[in-house]
Amino acid sequence: MRTPTREESDDFSRAVLSAFHRELRDQTRRRYEPLDEPERLLAWFDDGRIVGTTAAYTRVLTAPGALVGCAAVTAVAVVPTHRRRGLLTGLMRRQLQDVRERGEPVAALWASEGGIYERFGYGMATRNARLIARRPAARLTRAASPKDPLRAGAAAEHLDAMRVLYEAVRPERAGMLDRPGAWWQERLHDAPDERDGAQPLQAVVADGGYAVYAVRPHRDENDAPAGEVRVRELIASTPEARATLWAFLVDQDLTTTIRWSMAPVDEPLWLMLRDPGAVRYAIEAGLWVRLVDVPAALAARTYATDPDVVLEVADAFCPWNAGRYRLAGGTCEPTTASPDLALDVSELGAAYLGGVTLCELAQAGRVRELRAGTVTRASAAFRGELAPWCPESF
């Protein structure tokens, strides 16, 4: 196992893509080269051939009341001929050691299969909503009255405005990531052969928010217009901005459907419509979070109330985390005091962003209460006001 050389970067990419039944194309190479951090690649080699991979991006994750250094883990793959040999376990162990040495308290990833990463200490910390609204029933209860005229057009033309609006909202919503360097270009990636019949990516900017979307023209079996509005991202800092943006999106001529595949689970569109039944939500898995340095990660974020709790943390994969900690008064320190709660580090990862509660985990048998009343008290302290949401995969 080692870091590939620059000359081996294509071999690395081919190994990753082959595990997902895809091939390396020039446009794929051009897309990801600006994002690559070659020093954060890891690969298994067998007789000179790359057979296992992982990588990470250096990002900043919003936690409740804090911005935390985060290893955004990606490109995790083992080629089909070398599975069930412990290669993935070796990669994950080495990567987490490297993350610790870099001083990043947290790692995060998107899982192609949900059952893979819990054994490495990751917990599912966010969920997304697959939102579908139907026209003409999807009409807002109150007419939007923007202070300033809307600006709309090709998405790239509005990048500067969207960047400012995103940064205004990012610190307030746990789960969101910074977008340094080429990450905004990646967010607006819009290759023609990947549009699935949609038109080029558009943006609409209001006072206090923006939406990125594309329209897929379509006609139904009766040759009537039945187009689809595909929302990629909607960011709003005020209720007025949210109403303005939704009013625009649900009023696109020649369309009957509005879809948003990665909406926050607390997106309030249904409460804004005359007919709440005109929109449906399907809840899906989101971002998985791993506490690499338990005391540093827990001390970094803020809490709704002082938890004042002693945690017995199990971590078989990263033994430096295992132990007893007192979380109180904005600090998290090792202690010999009797524990109040016992849980695995993956449960801490799930609860870290304030979306999955310790009470829910306890009801699922995943957190043990050792002193009566501490689950309820600690759960209320960990909970955030907004549901955590990561609007982008990586």
Side-chain angles (χ1 to χ4, degrees), residues 61-64 70 72-73 106 108-118 121-135 137-138 140 169-170 172-177 187 196 209 211-213 228-236 239 242 245-246 249-250 257-273 275-290 304 343-344 346-367 375 379-380 382-394:
L61 175 71
T62 302
C70 175
V73 175
V106 173
L109 56 78
W110 290 86
S112 57
E113 296 181 37
I116 296 176
Y117 294 100
E118 190 173 305
Y122 287 86
M124 193 178 72
T126 78
R127 293 176 294 175
N128 291 332
R130 188 175 292 272
L131 179 156
I132 303 177
R134 303 289 185 184
R135 296 184 71 232
L140 269 65
V169 169
R170 178 171 69 92
E172 307 302 321
R173 172 79 77 162
M176 295 181 73
L177 295 163
R187 189 63 181 133
D196 189 30
V212 180
Y213 70 99
E228 179 179 89
V229 178
R230 297 176 176 174
V231 179
R232 179 175 295 187
E233 185 166 286
L234 189 151
I235 297 291
R242 177 174 283 103
L245 295 169
W246 276 121
L249 293 168
V250 302
T257 306
I258 302 92
R259 296 181 185 270
W260 188 6
S261 62
M262 293 180 68
V265 294
D266 57 353
E267 169 56 49
L269 176 60
W270 68 283
L271 294 170
M272 301 162 62
L273 299 179
D275 177 6
V279 60
R280 294 183 287 119
Y281 299 79
I283 307 303
E284 299 180 343
L287 192 69
W288 292 69
V289 169
R290 213 282 184 206
L343 70 172
D344 189 82
S346 61
E347 274 68 68
L348 273 181
Y352 185 65
L353 298 180
V356 180
T357 69
L358 291 172
C359 280
E360 289 173 321
L361 291 164
Q363 290 169 359
R366 300 180 61 164
V367 171
V375 166
S379 186
F382 269 76
R383 190 67 186 263
E385 292 186 3
L386 298 173
W389 173 52
C390 185
E392 62 190 275
S393 58
F394 46 82

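For clarity, every value in this text was computed on a predicted model and none was experimentally measured.
- Here the shortest heavy-atom pairing between C359 and S379 reads N-OG, 3.2 Å.
- The neighbour count for R127 CZ, taken as heavy atoms of other residues, nucleotides or ligands under 6.0 Å away, does not exceed 12.
- Nearest approach of P264 to A129, heavy atoms of both residues: O-CB, 3.9 Å.
- R187 CZ to S393 OG: the interatomic distance, rounded to the nearest 0.5 Å, is 7.5 Å.
- Judged by distance alone, with hydrogens and angles left aside, the side-chain atoms of Y122 form no donor-acceptor pair with the main-chain N or O of A111 at under 3.5 Å.
- Distance CD/E284 to CE/M262: 9.5 Å, rounded to 0.5 Å.
- A heavy-atom distance below 4.5 Å is found between the side chains of W389 and N128.
- Taking OH of Y352 as the start and CG of L287 as the end, the distance is 12.5 Å to the nearest 0.5 Å.
- For T62 (side chain) and R170 (main-chain N/O), a donor-acceptor pair under 3.5 Å exists by modelled atom type.
- In this structure, I132 CD1 and S261 OG are separated by 10.0 Å, a value rounded to the nearest 0.5 Å.
- The closest side-chain donor-acceptor pair between R135 and T257, if any, does not fall under 3.5 angstrom.
- By the 4.5 Å heavy-atom criterion applied to side chains, D196 and R230 are counted as neighbours.
- Note that the CE atom of M176 and the OG1 atom of T126 stand 12.0 Å from one another [nearest 0.5 Å].
- Taking both residues in full, the closest heavy atoms of E233 and P391 are given as OE1-CB, 3.8 Å, listed atom of the first, atom of the second, then distance.
- Among residues two or more places apart in sequence or in another chain, the side chain to side chain contact (heavy atoms under 4.5 Å, CB included) test is passed with M272 by L140, R242, A243, W246, P268.
- Contact of the L61 side chain with the L353 side chain is registered, since non-hydrogen atoms from C-beta on lie closer than 4.5 Å.
- In this structure, the side chain of D266 engages the main chain of A387 through a donor-acceptor pair within 3.5 Å.
- Within 6.0 Å of atom CH2 in W110, more than 12 heavy atoms from other residues, nucleotides or ligands are found, so the atom counts as buried in its surroundings.
- P388 and A125 get closest at one heavy-atom pair: CG-O, 3.6 Å.
- Across all their heavy atoms, A138 and A278 have their closest contact at N-CB, 3.7 Å.
- Of all non-hydrogen atoms in A351 and L358, the two that sit nearest each other are CB-CD2, 3.9 Å.
- Side-chain contact between E172 and E385 is absent, with no heavy-atom pair separated by less than 4.5 Å.
- No side-chain heavy atom of W260 sits less than 4.5 Å from a side-chain heavy atom of L269.
- Inter-residue side-chain proximity for Y117 and V73 is flagged as unmet; no heavy-atom pair is nearer than 4.5 Å.
- Put simply, the side chain of L343 does not reach to within 4.5 Å of the side chain of L361, judged on heavy atoms.
- Atom CE in M124 sits 10.0 Å away from atom CD in E118 (nearest 0.5 Å).
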